[in-house]
Amino acid sequence: MFSFFNRNGQKDAFQQRRKQQEVWKCVRRILDSSAPHAPLEGEARAENRYNRCIPALLIPWEDEWLSLNEPIFGVTKDFSDNGVLFLSNHEFTAGPVLCGFWPDDAVFLLGEVRRTSPFGGGFWQSGVSLLELVCSSQVPGLIPLAEQLLPAVVTPA
């Protein structure tokens with residue numbers, strides 16, 4: 001039988017430290033291999049990227065119609081001054097999309113999906129150019145959807 005403890009029931013401090021260093025090295029490799037905003041070779045970016053991982057709501061806007069029955073939830077990977085990169089389990093085609101965030105209050109922006117590529121594990125990353133603010137009162141039903149972006153309140157049992 002395999003055990004994480006020595007014969008006395010105590011973790012050996014040296015082994016514990018060595019294992020922790022292995023974990024640190026592994027995490028560092030993951031971080032180094034996934035630089036979130038390092039430009040690709042030959043790519044010049046005019047805007048800075050800002051790493052922010054926050055919940056987001058995406059609603060495709062097709063034929064001047066929002067499909068509020070099929071919202072897509074994802075997280076942001078990074079922002080620029082005029083755009084955002086989303087991670088979701090949905091592949092977007094180029095076109096308009098309504099983006100919802102809840103930093104302090106509900107915020108909605110109309111954007112244009114510029115590119116979508118597989119991220120791995122069934123996830124997709126979608127680059128969206130943000131075009132204009134949308135007032136939530138213009139589209140009934142947005143606030144209840146956006147409220148799902150808020151953390152759930154857990155009550156002790």
Side-chain angles (χ1 to χ4, degrees), residues 17 19-157:
R17 175 79 174 157
K19 289 179 182 181
Q20 188 63 53
Q21 287 175 338
E22 290 172 354
V23 170
W24 292 337
K25 287 178 186 177
C26 180
V27 169
R28 189 67 215 186
R29 277 194 312 270
I30 292 169
L31 292 174
D32 289 344
S33 69
S34 61
H37 52 64
L40 300 173
E41 186 176 324
E43 180 182 35
R45 291 187 172 164
E47 299 174 340
N48 290 326
R49 299 290 195 261
Y50 307 98
N51 301 350
R52 297 296 183 273
C53 182
I54 60 172
L57 170 67
L58 302 158
I59 304 171
W61 191 308
E62 298 172 1
D63 300 324
E64 299 295 319
W65 182 260
L66 281 174
S67 178
L68 296 178
N69 296 330
E70 299 178 17
I72 294 141
F73 292 92
V75 293
T76 62
K77 185 176 175 190
D78 61 33
F79 283 85
S80 70
D81 295 332
N82 296 307
V84 63
L85 184 65
F86 291 101
L87 295 177
S88 71
N89 63 352
H90 184 81
E91 180 182 8
F92 281 95
T93 57
V97 64
L98 186 70
C99 308
F101 309 97
W102 199 299
D104 298 318
D105 199 7
V107 175
F108 301 96
L109 298 120
L110 181 61
E112 182 81 24
V113 176
R114 298 293 181 190
R115 65 183 138 276
T116 299
S117 61
F119 187 74
F123 291 95
W124 295 84
Q125 57 184 9
S126 301
V128 177
S129 175
L130 299 173
L131 306 172
E132 65 182 88
L133 282 169
V134 174
C135 180
S136 61
S137 63
Q138 292 175 310
V139 185
L142 283 181
I143 295 297
L145 282 175
E147 286 175 339
Q148 295 180 49
L149 298 173
L150 296 172
V153 177
V154 179
T155 55

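What you see is a predicted model; the values in this text were computed from it and never measured.
To the nearest 0.5 Å, atom OG of residue Ser117 and atom CZ of residue Phe123 are 14.0 Å apart. Put simply, CH2 on Trp102 and CD1 on Ile54 are 13.0 Å apart, with the number rounded to the nearest 0.5 Å. Interatomic distance, Lys77 NZ to Ser88 OG, rounded to the nearest 0.5 Å: 12.5 Å. For the atom pair CD of Glu147 and CG of Leu57, the computed distance is 11.5 Å after rounding to the nearest 0.5 Å.
Counted within 6.0 Å of CZ on Phe119, heavy atoms from surrounding residues, nucleotides or ligands total 12 or fewer; the atom is thus considered open.
When all heavy atoms are compared, the tightest approach of Phe108 to Ala146 is CZ-CB, 3.7 Å. Between Leu145 and Pro71, the closest heavy-atom pair is CD2-CG, 3.7 Å.
A donor-acceptor pair under 3.5 Å links the side-chain atoms of Thr76 to the main chain of Arg52, judged by distance alone. When atom types are taken as modelled, the side chain of Thr116 and the backbone of Phe92 share a donor-acceptor pair closer than 3.5 angstrom.
For Leu109, the side-chain contact (heavy atoms from CB on, under 4.5 Å) partners are Phe101, Val107, Leu130, Leu133, not counting sequence neighbours.
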Going through the distances and angles, do Leu58 and Cys99 end up as a side chain to side chain contact (heavy atoms under 4.5 Å, CB included)? CA-CA 5 Å; Leu58 302 158; Cys99 308; 4.0 Å; yes
Report the C-alpha distance between Glu112 and Leu131 in whole Å, list the side-chain angles of each, state the deciding distance to 0.1 Å, and finish with yes or no for side chain to side chain contact (heavy atoms under 4.5 Å, CB included). CA-CA 7 Å; Glu112 182 81 24; Leu131 306 172; 4.0 Å; yes
Is there a side chain to side chain contact (heavy atoms under 4.5 Å, CB included) between Phe86 and Val113? Walk through the geometry before answering. CA-CA 10 Å; Phe86 291 101; Val113 176; over 6 Å; no
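Each of Ile72, Val97, Leu142 was scored for a side-chain contact (heavy atoms from CB on, under 4.5 Å) with Ile59, with one residue passing: Leu142.
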